[in-house]
Protein chains: 4
Amino acid sequence: MPEKSNESETARAAQAERAAFTEKAILDASESVFARRGLSGTRVREIAAAAGVNGATLYNYYPSKTALYEAVLERGLAPLVTTLERFSAGPRERESIRALVGEVMCHLAGHPDFSRLVYLEAMAEGPYLPTVARKWVRPLFAFILGELKSGTVPEPLEEPLLPSLAALFIHVSFGHFALAPLLKETLDEDPLSEEGIARQARFIDALILQLFPQLRSEGDED
Amino acid sequence: MPEKSNESETARAAQAERAAFTEKAILDASESVFARRGLSGTRVREIAAAAGVNGATLYNYYPSKTALYEAVLERGLAPLVTTLERFSAGPRERESIRALVGEVMCHLAGHPDFSRLVYLEAMAEGPYLPTVARKWVRPLFAFILGELKSGTVPEPLEEPLLPSLAALFIHVSFGHFALAPLLKETLDEDPLSEEGIARQARFIDALILQLFPQLRSEGDED
Amino acid sequence: MPEKSNESETARAAQAERAAFTEKAILDASESVFARRGLSGTRVREIAAAAGVNGATLYNYYPSKTALYEAVLERGLAPLVTTLERFSAGPRERESIRALVGEVMCHLAGHPDFSRLVYLEAMAEGPYLPTVARKWVRPLFAFILGELKSGTVPEPLEEPLLPSLAALFIHVSFGHFALAPLLKETLDEDPLSEEGIARQARFIDALILQLFPQLRSEGDED
Amino acid sequence: MPEKSNESETARAAQAERAAFTEKAILDASESVFARRGLSGTRVREIAAAAGVNGATLYNYYPSKTALYEAVLERGLAPLVTTLERFSAGPRERESIRALVGEVMCHLAGHPDFSRLVYLEAMAEGPYLPTVARKWVRPLFAFILGELKSGTVPEPLEEPLLPSLAALFIHVSFGHFALAPLLKETLDEDPLSEEGIARQARFIDALILQLFPQLRSEGDED
DNA sequence: GATGAATGAGCCTTCATTCAT
DNA sequence: AATGAATGAAGGCTCATTCAT
């Protein structure tokens, strides 16, 4: 009996591991396909093929295509939210924005398809847009605007333009990933390569320094 | 007899006018729906409903949903291409970029859905992406980079970052329209309102001035 | 006033002539297309194109595709029925069957598509099949069987096989036209050419002579 | 474990059997409907209904209506081709034609709809006509004509009429099935009944004997 | 847990038909 | 009489989803 119990325990553990593996494959495949085709444009069979499983297997993990989409969205959003909360709760330093944008870029580098999901959802005016706005964009804007007001914004960027300035940071970070295929087709290099992402990160840094000259220190200028 | 000829001519003209009206309605509706749902995500019946015609009527004007999509893309792209050609052929002036971006923003204001189409096509890595890149983005980058190299770029923006700088102009113009629903949900105003578009145009202007201080003159500063 | 009357009379006559011309074009086109595609398989636009008129024009002459089909069927059937009636009413002669088959072949030569219509209708078990059977095939069989019984049928063709013998005449006449495309593809000549039709007529003649030796006379044997 | 393996093997076999059953039902239903309505005239929903499955299920087995049509054609044609090849390779005997026609009639009796398919395809001048001609009719004619030339053909059937004589065998075999509905409507019995088919076979036999008197032996005459 | 078979709903497209001119 | 524009009703085919194994 105990052996049997052991056996079944071992078997159960193996099965659980296998299930976890399958689930991750499904989520990864979903993220990739949803990012390219959108919710209504993706076919579950395409996801299944990309995940290497049968179409029916998806339904052992998620009750519907929509639920799968929500899971992908949630998985991509959560770390960003956490990061932002950490920054918001932490002490304000002169270059908080630079640091935050750096971390965000780093996260997006690991999930390069997630940006597209957000853009797709925005453009489709989809049902998850309010959630994304509430959980992520609104706090982000609050953080940035808080920084900006407490800092000194250079003359030409008057007060009413500050939201556009905040949005700028989304454009150059998320937008870089969203537009990547177009840029790749235009320039002769892949914006999603390590090199390309690093360069965009440096660009954002330089942009910030040029926009807020008071942030410059000796270390930035070499 | 001349009356009869006149009659039938008039009748034919009236019919042609009606057809032109219907075709424009179809194109406008298509632009709007495609921009929200993408090519594969839109249902022709939704376009037909938005255009106020029967689903079958679409096929009297365009042979397929795809052909309709291409027509919308072409209609949105052509004026931009023309504008860019005019600027490229014309004399270089100090603030050519400002002027060009201004005109582009103005065109986009009239076709606020077109930007989304471009983003969707980019994210889907669709079959028309190469065309968009070749006809529009590549010349645009050539123009901007030509300006930048001839002008003086401030220190932090070193040479390898120039493509990112060029892309910045797409992000703040097209990106503004593409992300509009998300911004609307986040801020409490519509980025697509006349006011919102004007403000973004002013922001771009200010951004340019801050990035290229040598462009500043007395007129810009008040 | 009288002139005007004359004018309008002339005009009316011209219009009537034109209408008659159009109607014949429509019927001819219909016969050709129906014979190839069947009732449900033909598209009215194809008929219209073949007739050189607009699709809507058909409806000025016939209320529906079905009505057009009936008209074609009737037009092809009527002369055959008339011919058969003439033979049935006329005096019996030794080679009545030979003469009748000859006339039928002659009519079919002028309407080579009509045979296919009959075959299509038969194979589809269409709604006009009973009509065709009643008006044409039943009287035809009655005539042939009347001849056969009055004549002497050679030994191997016993009584119960007589219907098959009657059907044989349909097979070699109508069937020749119906199968023409297959025969053309198989042999290297067109069974619908004048030469091809004449040869089949001769074949039928020879067949009859071989089946009913007592019909032979000196004239047939050279 | 072996039981489990057995179980799953059994299960898989059962599933395969079920699939084979469904596929046969689909093919049978297709043959029946195509034979009546032709390729363009049949609705896949009608086939599905006749096969007792959902319309979408058809596409689990065949990628398109056209592919289904081709499969039906192939299934009907293959045995005939095989039979003919056997006869062509085998020794020539006096009554080869009689025997071949007998076997063909026997096969057609089992697939009474197939003849109509061939006729429909011929009349429509469809895209599969060349295939049918090349694989079946051409070899058949070659066989028959080979027999005829080696044998003695009676006087009235001169050389140039031999192709018509070969075609006669198609008319009386395939044509019997194709025209069956019309004959049924005309006579008062079903040509597709066992009795009807047997009688037509006997008729063909008698026909041959009457056309080629030298084939007669004592056995045939009683 | 995983899968092949099956299906109802829906999508793009075509068709026969109508109507204003 | 003739036609271009418009449409309701399918038609072929796909898709997300279910179920038995």
Side-chain angles (χ1 to χ4, degrees), chain A residues 11-12 14-16 18-19 21-23 40 42-48 53-61 63-66 68, chain B residues 7-8 10-16 18-19 21-23 40-48 53-66 68, chain C residues 11-12 14-16 18-19 21-23 40 42-48 53-61 63-66 68, chain D residues 7-8 10-16 18-19 21-23 40-48 53-66 68:
Chain A
R12 215 173 291 155
Q15 208 172 30
R18 186 184 181 186
F21 180 81
T22 301
E23 177 158 11
S40 59
T42 64
R43 283 147 249 194
V44 296
R45 286 195 139 94
E46 195 177 356
I47 292 179
V53 299
N54 182 283
T57 299
L58 301 184
Y59 291 85
N60 285 337
Y61 294 88
S64 70
K65 183 169 80 159
T66 301
L68 196 43
Chain B
E7 260 179 45
S8 80
T10 310
R12 211 173 294 155
Q15 208 171 25
R18 184 186 181 188
F21 181 81
T22 300
E23 177 159 9
S40 60
T42 61
R43 283 147 253 195
V44 294
R45 284 192 150 91
E46 196 177 354
I47 292 179
V53 298
N54 182 281
T57 297
L58 301 185
Y59 291 85
N60 286 338
Y61 294 87
Y62 296 91
S64 69
K65 184 169 79 159
T66 300
L68 197 42
Chain C
R12 217 174 290 155
Q15 209 171 29
R18 186 183 181 185
F21 180 82
T22 300
E23 177 158 9
S40 59
T42 61
R43 284 146 247 193
V44 295
R45 286 195 138 94
E46 196 177 353
I47 293 178
V53 300
N54 182 282
T57 298
L58 301 185
Y59 290 85
N60 284 337
Y61 294 87
S64 70
K65 183 168 80 161
T66 301
L68 197 42
Chain D
E7 260 181 44
S8 79
T10 311
R12 212 171 295 153
Q15 208 170 25
R18 183 186 182 189
F21 181 81
T22 301
E23 178 159 8
S40 60
T42 62
R43 283 148 251 193
V44 295
R45 287 187 155 94
E46 194 177 355
I47 292 178
V53 299
N54 181 281
T57 297
L58 300 185
Y59 291 86
N60 286 339
Y61 294 86
Y62 296 91
S64 68
K65 184 170 78 161
T66 300
L68 196 43

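The model shown is predicted, which means the values in this text are computed figures rather than measured ones. Proteins come first, then strands; the chains are lettered A, B, ... in the order of their sequence lines, and each starts at number 1.
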Using whole Å, report how far [atom1] of [X] lies from [atom2] of [N].
| X | N | atom1 | atom2 | result |
| --- | --- | --- | --- | --- |
| L58(C) | dG4(F) | CG | C1' | 15 Å |
| Q15(B) | dT3(F) | CD | C1' | 7 Å |
| Y59(C) | dA16(E) | OH | C1' | 4 Å |
| K65(B) | dC11(E) | NZ | P | 10 Å |
| Y62(B) | dT13(E) | OH | C1' | 18 Å |
| E46(B) | dC11(E) | CD | P | 9 Å |

Inset, instruction - Go through the structure and list residues passing side chain to side chain donor-acceptor pair (under 3.5 Å) with Y62(B), not counting sequence neighbours. - result: E23(B)
Assign [X] to base, sugar-phosphate, or nothing according to its heavy-atom contacts below 4.0 angstrom with the strands shown.
| X | value |
| --- | --- |
| R18(C) | sugar-phosphate |
| T42(C) | sugar-phosphate |
| Y61(A) | sugar-phosphate |
| A56(C) | base |

OP1 or OP2 of [N] sitting under 4.0 Å from any side-chain N/O of [X]?
| X | N | result |
| --- | --- | --- |
| N54(D) | dA6(E) | no |
| T57(A) | dT3(E) | yes |
| S64(C) | dA16(E) | no |
| T22(A) | dG1(E) | no |

Inset, instruction - Mark yes or no for whether T57(A), through its side chain, and V53(A), through its backbone, hold a donor-acceptor pair below 3.5 Å. - result: no
Legend entry - Secondary structure string for DNA chain E (Watson-Crick or G-U under 3.5 angstrom, | for other-strand pairs): .||||||||||||||||||||
Legend entry - Residue mapping more 5' on DNA chain E - nearest nucleotide basis, P63(B) or T66(C):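 Whichever sits nearer the 5' end wins; that is P63(B).
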Legend entry - Most 5' of R43(A) and A16(B) on DNA chain F, judged by nearest nucleotide: A16(B)
Legend entry - Contact nearer the 5' end of DNA chain F, comparing G55(A) with G55(B): G55(B)
Legend entry - Selected nucleotide, minimal atom distance to R45(A) side chain, candidates dA10(F), dA16(F), dA16(E): dA16(F)
Legend entry - Which atom of G41(D) lies closest to which atom of S40(C), heavy atoms considered: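 It is CA-OG, 3.6 Å.
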Legend entry - Polar side-chain contact N60(A)-dA2(E) base: donor and acceptor under 3.5 Å: yes
Inset, instruction - Given side chain to side chain contact (heavy atoms under 4.5 Å, CB included), test L68(C) with Y61(C) step by step and report yes or no. - result: CA-CA 9 Å; L68(C) 197 42; Y61(C) 294 87; over 6 Å; no
Inset, instruction - Measure the NZ-CD1 distance between K65(C) and I47(C) for me, rounded to the nearest 0.5 Å. - result: 7.5 Å
